[in-house]
Amino acid sequence: MERSPAVADRPKPPSLERLSEAMLGRLPGTVAGPGYDRTYAQMGVVHIGVGAFHRAHQAAFFDDILSSGDRRWSIIGLSLRSPAAEQALQPQDGLYTLIERSAAGETLRVRGAIQSVATVAGRERLALDVLAAAQTQLVSLTISEKGYAPETADLRADVPTTAAGFLAKALERRRNAGLAPFTVLSCDNLDDNGARVRALVLDAASRIDPRLAGWIERNGAFPSGMVDRITPATTPEARRFLENRLGYRDEAMVTTEHFRQWVIEDRFAGPRPDFAAAGVQVVADVIPWQAAKLRLLNAAHSALAYLGGLGGFATVDEAIGWPPLRAYVGRLWDEASSTLSPTPGLDIDAYRQALLRRFENPHLRHRLSQIAMDGSQKLPPRLLATIERRLAAGRSIDALALAVAAWIRWSLGVDEAGVRFEVEDPRAPDLARMLEGADTAAEMVASMLADRAIFSPALAASPILAETLTKKLEILLKNGARAAIAAI
C-alpha cells in the first residue's frame with residue numbers, strides 16, 4: 001500500500017492575492033468598488049478606534065459622502081493600543097469589503113474612505129501631528145464604554161494615555177498654531193456621550209493650562225450622537241466565505257445588516273459634510289434617540305446575551321426565535337418604554353417592531369458571547385439607569401432585574417452544565433473576587449451592589465432592587481435560565 005505523503009510534504013494551495021489599491025480595477029463583477037478616485041480624496045476625519053463597527057458604520061457613511069463628490073472627508077484611523085486594525089488595513093491601503101445582509105439578499109462593496117491606520121503606542125507624536133493638522137475637522141470615537149476614562153498622566157511632561165488626553169494635547173497644539181478646534185463626535189453607547197467626552201477633555205486640558213480649558217469651552221464642539229448598526233465580529237468562516245466567493249483575501253472585511261442609523265446633535269466647531277444628504281439625521285436634541293437605543297436595542301441585546309447564553313442559545317436570531325424569550329423581551333421593553341420621551345420622528349412602537357425584525361435576521365449570526373463581553377461597563381447605561389428611573393417612579397422592575405441577575409449569574413464563569421468559561425470583562429478579576437466568598441444568592445447580590453463603579457448609591461441602597469435581584473438569581477441558580485424566563 002502506497003504511503004500518503006506527510007502533511008508537510010503536500011503542496012500548499014496557492015495563496016490568494018490580498019485586497020489592495022492595485023486590485024480595484026480587477027474586482028469581481030459581484031462586488032462594487034469605491035465610487036470615486038481615491039487619489040483626490042483629502043483627509044478631513046481622524047477616527048480613534050478603527051474596529052469592525054467603525055468600518056460598518058461611520059466609514060461607510062464617509063465613503064458615501066466621498067462618492068457624492070465631496071472629497072474632503074477621507075479618514076486616518078488611530079488605534080490607541082491594539083495593532084490589529086493597522087495589521088488588517090494598512091497592507092490593504094485602507095480598503096475592506098463590506099457585506100450587508102438581510103432576508104432580502106446581500107450587497108458587497110469595497111469601501112475606500114480610510115486612507116491609513118496607525119497604532120499609537122510608541123508613536124504618540126505621529127498621532128498628535130495627525131490630530132492637530134489644519135485639515136482635520138472632525139475627530140470621531142468608537143472606544144467603547146471602557147474608553148471613557150480620565151487622563152492620569154501629567155500632560156505637561158508625559159505623553160497621553162487616554163483618548164481624552166490625546167484630544168486635549170492636540171487641541172493645545174491647534175490653539176498655539178492659531179487654528180480653530182476640531183469637532184469631536186462620540187459614537188459610543190453612552191447617555192449624553194458628547195457631554196461625557198467634553199468633561200474628560202476639559203479636565204485633561206485644565207491640568208495642562210486652565211486657559212486652554214477655557215478656550216476649548218468657548219470654541220470647541222462635542223455633539224452627542226447615536227449610532228446603530230448590528231455588526232457581528234468577523235469570524236474565520238466569514239473570511240473563508242469571501243475568499244471562496246470572490247477569490248481574494250481581505251483581513252479587514254466586515255459583515256453587517258442593511259439597516260444603519262446615525263443621529264448627531266447640531267453642534268459643530270467648523271466645516272462638516274452634507275450629512276443629511278448621506279442619510280445622517282442632524283437634530284437639535286439627540287438624547288431621546290440615545291435613550292431609545294440604549295434602553296431598547298442595547299438592553300435587549302444584553303438580556304439576550306446573558307439569559308440566552310445561559311439557556312443554551314448561541315446567536316441573537318436563535319434566542320429571539322424561542323417564544324418565551326421573545327415574550328420576555330416584550331416585557332423588558334414595556335418597562336423600559338415608560339422611561340422614554342419620544343421626539344418627532346421617533347415612534348417607539350414602530351422602533352420596537354423594527355428591532356424584532358432585525359434580531360430575527362438569520363444571516364448575521366450575531367453571537368451572544370460577543371454581546372456578553374464587558375458587562376460591567378455596559379449594564380449601567382443599558383439597564384441600571386432604567387431601573388433607577390423605574391424605582392424612582394414607584395414602578396416594577398421584574399423584567400429588567402432578571403437581566404441584571406442573569407449577568408451576575410454569568411459572572412460566576414460557569415454554565416448550567418457546570419463547565420467553566422472565561423468571563424471577558426475588564427473587571428473580571430474584581431467580579432470573581434466579589435463572588436468568591438458568596439454562597440447564597442442574597443450574598444452574591446449584596447456583594448455586587450456594594451460596587452460603586454457599577455451600582456449608584458441610590459441603587460445600592462434600594463431594598464426593592466436587592467430583594468428582586470435575589471429572587472431572580474435564586475431561580476437562575478436553582479432552576480436555570482429557561483425556567484426563570486418562563487416564570488417572569
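Here, residue 1 is the first one in the sequence, and each next residue gets the next number.
With sequence neighbours left out, the ring pair (Phe, Tyr, Trp, His ring centres under 6.0 Å) criterion links His301 to Phe359, His366. With sequence neighbours excluded, the residues satisfying side-chain hydrogen bond (donor to acceptor under 3.5 Å, both in side chains) with Trp73 are Asp70. For Phe421, the ring pair (Phe, Tyr, Trp, His ring centres under 6.0 Å) partners at least two apart in sequence or on another chain are Trp410. With sequence neighbours excluded, the residues satisfying side-chain contact (heavy atoms from CB on, under 4.5 Å) with Ala403 are Ala303, Tyr328, Leu383. Scored by the ring pair (Phe, Tyr, Trp, His ring centres under 6.0 Å) test, His57 finds Phe53, Phe61, Trp262 as partners (sequence neighbours excluded).
Taking the side chain as every heavy atom from C-beta outward, Gln42 and Gln135 never approach each other to under 4.5 Å. Glu145 has its side chain out of reach of Asp374: every pair of non-hydrogen atoms, C-beta onward, lies at least 4.5 Å apart. Gln92 is listed as a side-chain neighbour of Glu251, based on a closest heavy-atom distance under 4.5 Å. At a threshold of 4.5 Å between non-hydrogen side-chain atoms, the residues Thr142 and Cys187 count as touching. Two residues are said to be in side-chain contact when any heavy atoms from C-beta on lie closer than 4.5 Å; Asn189 and Pro381 fail this criterion.
Remark: Leu435 CG to Met448 CE distance equals 4.0 Å, nearest 0.5 Å. With values rounded to the nearest 0.5 angstrom, Asp154 atom CG is found 9.0 Å from Ile208 atom CD1. Distance check: Thr183 OG1 to Glu265 CD gives 11.0 Å after rounding to the nearest 0.5 Å.
When only modelled atom types and interatomic distance are considered, Gln90 and Ser116 share no side-chain donor-acceptor pair under 3.5 Å. Side-chain contact annotation: Gln377 with Ser144, donor-acceptor N/O pair under 3.5 Å absent. Counting only N and O atoms by type, the side chains of Arg272 and Gln137 include no donor and acceptor under 3.5 Å apart.
Note on residues 213-256: no pairs pass ring-ring contact (aromatic ring centres under 6.0 Å, His included), not counting sequence neighbours.
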After noting the C-alpha distance and the side-chain angles of Lys378 and Asn298, does the key distance pass the side-chain hydrogen bond (donor to acceptor under 3.5 Å, both in side chains) rule? CA-CA 9 Å; Lys378 293 175 178 177; Asn298 296 130; over 6 Å; no

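Both cation-pi conditions hold for Arg358 and Phe259: the charged atom is under 6.0 angstrom from the six-membered ring centre and inside a 45 degree cone around its axis.
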